[in-house]
Q: 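Sending over a structure as structure tokens; questions will come in a sec.
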Amino acid sequence: ALTGRLDGIFRKLTGQARLTPESIQEGLREVRRALLEADVQVAVAKDFITRVEARAVGQEVLRSLTPGQQVIGLVRDELIRLLGDRPVTLAGSPHLPTVVLLAGLQGSGKTTFAGKLAHWLKNAGKRTLLASADVYRPAAIEQLERLGAQAEVGFFRADEGTQPAEIVRRAVDEARRRGFDFLVLDTAGRLHIDEPLMAELAELKAAARAHQVLLVVDGMTGQEAVRIGRAFAERTGIDGLVLTKMDGDARGGAALSLRQVTGKPILFLGVGEKLDALEAFDPERVAGRILG
Amino acid sequence: VLGRRGDLDASALERLEEALLEADVGPTTAGRLVARARGRMDQDPALDLEAALEAAATELLASHRADLSPRGAKPWVAVVLGVNGCGKTTLVGKLAADCARHGLSTMLVAADTFRAAAAEQLMVWAERAGATVVRAREGGDPAAVVHDGLEASRARGLDVVWIDTAGRLHTKRNLMSELEKIVRVCGRSVPGAPHHTLLVLDATVGQNSLAQARTFAELVPITSIAINKLDGTARGGAVLAIADELGLPISVVGLGEGIDDWAAFDPEAFARGLF
Ligand SMILES: Nc1nc2c(ncn2[C@@H]2O[C@H](COP(=O)(O)OP(=O)(O)OP(=O)(O)O)[C@@H](O)[C@H]2O)c(=O)[nH]1
Ligand SMILES: Nc1nc2c(ncn2[C@@H]2O[C@H](COP(=O)(O)OP(=O)(O)OP(=O)(O)O)[C@@H](O)[C@H]2O)c(=O)[nH]1
Ligand SMILES: [Mg+2]
Ligand SMILES: [Mg+2]
């Protein structure tokens, strides 16, 4: 693993009382490679390495650690700091219902997360209403309705043929009328380069007067994470991130890329297909995973 | 190694290497591609690095291209597999429509009995494609639906059967065993089936695509690969490593959410798209 590779590099340059710029350079090349293999975006990795380098130069080699372990320690600390070393919870609004709008690319796990979030909130004693504005994908509304039934939470179904913005407005009215604590709105998957659909998303956010817009991203996402994050952050405005399918063996470098480019907190990790497969974001575990 | 032309332009090399990395080619494969490009430049001094890289990528992909041709068996049976959300069900709908358009009587088997409304989703596609569909109750045994579907397709003398399976992470042993069982049941119902095993990959996925391909291929013989969602900005560069290290060929690419949004894999266009 990375520790072994770094130790190998530093072993060639032993006998130093400090980490020299040259040894650090070579070590950091190895770290950069590990980050790229972990799907951290190229520019994000470059930026990250520059920062670690600044912290590494001039450091004394600690007697208790090998230089390789020391560099890894610096890298790990910096990763955790960037990923979000402070736990952030989903903010509730002072006025009911708190409206949470989900957005993201096709197949990222939004509908499943909507069900999981409703289940999570129910366990926290909150009454949740689910609604879907996805009128495009075959059986999308059925899918959310079934998940809502499994989670035993409310589900609002608009009449056939209702347009997405109107579905959202009626769902908000319904949630308010029936005194729900939370309304979770599922939307259709969309490409960040699809002009009409990105415009629709802005319209849905306004119609919902959403308190929280969460970008749901597949944890296996590669270099695209930066483009996706930037597009939704700049065009839609997001409040938080969710990384799904983290129960696989993808290293999850997209987490770092997304944090860097959006500046928003990662709130949840999807860790399975079942409704209870949801965890609060743990930066230490994700940092360890990115390092491999 | 640097060729008779002398020293390689360092900034050009860095820029092109980064382009490859940003296309999800991955550091190891990018390094190999650069080495091969340099070899080409040694042999042809007129080539610049970019042209040499594109040629190297094209050559690799061109030698890993396969056709998806539903003929030579009746019914011709294809199993579509891959991780969650990569676009399998939608692709089955598209390919079924193409079969039906060519006058082949087509059946879809909804072997995803786990996910909410999976069968309902496939049923819409069957209707759009002009295909029949076989499904089971949610929570039923996928292998049983496959068996029933294949028996029915033989009884009715149908030409083509597309089996849509549930998304599954390659790291889940029980789901991988389920997949093995599905493939076994195919062979028992129809000798020689599945005639095509199509692994579907999502172009927005990074290096994990290689792990996916490797693990699925260890379990089940993969006939070809489909790369979906190439209508986005993702370049799908991970398939270079898959071709290089696993030797798996690519047959089709997905280009959107509509019934005609797909195409046969074009190695040259794909290689060009990496840059
Ligand atoms: N293993 C695993 N699978 C997940 C997770 N989250 C979602 N999935 C699966 O991923 C697939 C896609 O999930 P959906 O919820 O339909 O994704 P979506 O974003 O709503 O898709 P579109 O509406 O088409 O954009 C389904 O098979 C889900 O069961 C997760 O955390 N782990
Ligand atoms: N932009 C784009 N979207 C696609 C493409 N192929 C599929 N999709 C979309 O991706 C989402 C997931 O597609 P599905 O066909 O449900 O994927 P799946 O692999 O069957 O998902 P699971 O069965 O849940 O594992 C849907 O919103 C599709 O419309 C493609 O080529 N381009
Ligand atoms: Mg959905
Ligand atoms: Mg499916």
Side-chain angles (χ1 to χ4, degrees), chain A residues 32-43 45-46 105-112 115 136-150 188-194 217-228 231 244-245 247-254 272-273, chain B residues 17-28 30-31 83-90 93 114-125 127-128 138 166-172 175 202-212 215 228-229 231-238 256-257:
Chain A
R32 177 178 178 258
R33 186 183 190 82
L35 293 178
L36 292 172
E37 285 172 353
D39 291 325
V40 176
Q41 203 264 352
V42 174
K46 222 188 232 180
L105 261 59
Q106 291 89 348
S108 63
K110 299 173 293 299
T111 306
T112 307
Y136 309 102
R137 170 174 156 154
I141 298 177
E142 273 85 345
Q143 184 185 2
L144 187 63
E145 187 166 33
R146 300 248 173 115
L147 293 176
Q150 283 174 31
R190 69 203 64 222
L191 292 178
H192 51 294
I193 53 171
D194 186 326
V217 183
D218 190 324
M220 308 181 260
T221 303
Q223 297 289 308
E224 282 304 283
V226 158
R227 261 182 283 242
I228 296 167
T244 62
K245 308 177 203 172
D247 43 318
D249 59 1
R251 299 265 293 274
E273 298 187 65
Chain B
E17 238 168 357
E18 285 195 1
L20 289 176
L21 293 173
E22 287 189 5
D24 283 311
V25 170
T28 306
V83 301
N84 307 73
C86 62
K88 302 174 291 299
T89 303
T90 306
F114 170 77
R115 208 208 69 211
E120 284 72 12
Q121 182 188 8
L122 190 68
M123 284 164 73
V124 173
W125 280 108
E127 191 174 346
R128 288 177 181 178
E138 220 160 87
R168 71 200 68 228
L169 293 185
H170 53 292
T171 48
K172 312 239 157 143
L175 298 184
D202 184 335
T204 58
V205 169
Q207 296 309 296
N208 198 251
S209 279
L210 180 58
Q212 291 174 24
T215 311
N228 268 341
K229 309 182 192 174
D231 49 317
T233 47
R235 303 294 78 211
E257 303 187 73

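Below, chain A is the first sequence line, B the second, and so on; all start at residue 1.
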Q: Report which part of A/Leu36 has an atom under 4.5 Å of a heavy atom belonging to chain B: side chain, backbone, both, or neither.
A: both
Q: Between B/Ala117 and A/Ala139, which heavy-atom pair has the shortest distance, and what is it?
A: CB-O, 3.8 Å
Q: Kindly give the heavy-atom pair with the smallest separation between A/Arg33 and B/Thr28, and that separation in Å.
A: NH2-OG1, 3.1 Å
Q: Taking side chain as everything from C-beta outward and backbone as N, CA, C, O, which of these in B/Asp231 sits under 4.5 Å from a heavy atom of chain A? Side chain, backbone, both or neither.
A: both
Q: Within the distance-only criterion (no hydrogens, no angle test), does the side chain of B/Lys229 pair as donor or acceptor with the backbone N or O of A/Gln106 below 3.5 angstrom?
A: yes
Q: Could you grab the distance from atom CD of A/Gln223 to atom CG of B/Leu21, nearest 0.5 Å is fine?
A: 6.5 Å
Q: Taking the side chain as C-beta and beyond, is there a heavy-atom pair between A/Leu105 and B/Thr204 under 4.5 Å?
A: yes
Q: Work out which heavy atom in B/Thr171 is nearest to a heavy atom in A/Asp247; give both atom names and the distance.
A: OG1-O, 3.8 Å
Q: Is it the backbone or the side chain of B/Leu175 that comes under 4.5 Å from a heavy atom of chain A, or both, or neither?
A: side chain
Q: If you look at every heavy atom in A/Arg146 and B/Ala116, which pair is closest and at what distance?
A: CB-CB, 3.8 Å
Q: So for A/Arg137, is it side chain, backbone, both, or neither that comes closer than 4.5 Å to the heavy atoms of chain B?
A: side chain
Q: Atom CD of residue position A/Gln150 - does it have more than 12 heavy atoms of other residues, nucleotides or ligands inside 6.0 Å?
A: yes
Q: Would A/Gln143 and B/Arg115 satisfy side-chain contact (heavy atoms from CB on, under 4.5 Å), going step by step from the backbone distance to the final call?
A: CA-CA 8 Å; A/Gln143 184 185 2; B/Arg115 208 208 69 211; 3.5 Å; yes
Q: Between B/Asp202, B/Asn228, B/Leu169, which residue shows the highest count of heavy-atom pairs closer than 4.5 Å to chain A?
A: B/Leu169
Q: Please state whether the side chain, the backbone, both or neither of A/Leu144 comes within less than 4.5 Å of a heavy atom of chain B.
A: neither
Q: Between the side chains of A/Glu273 and B/Lys172, is the shortest nitrogen-to-carboxylate-oxygen separation below 4.0 Å, so that they form an ion pair?
A: no
Q: Can you name the closest pair of heavy atoms from A/Asp39 and B/Gly206 and give their distance?
A: OD1-CA, 3.4 Å
Q: Name the region of B/Ala234, side chain, backbone, both or neither, that has any atom closer than 4.5 Å to a heavy atom of chain A.
A: both
Q: Could you give the distance from CD (B/Gln212) to CE (A/Met220), rounded to the nearest 0.5 Å?
A: 5.5 Å
Q: Let me know if A/Glu37 has heavy atoms under 4.5 Å from chain B in its side chain, its backbone, both or neither.
A: both
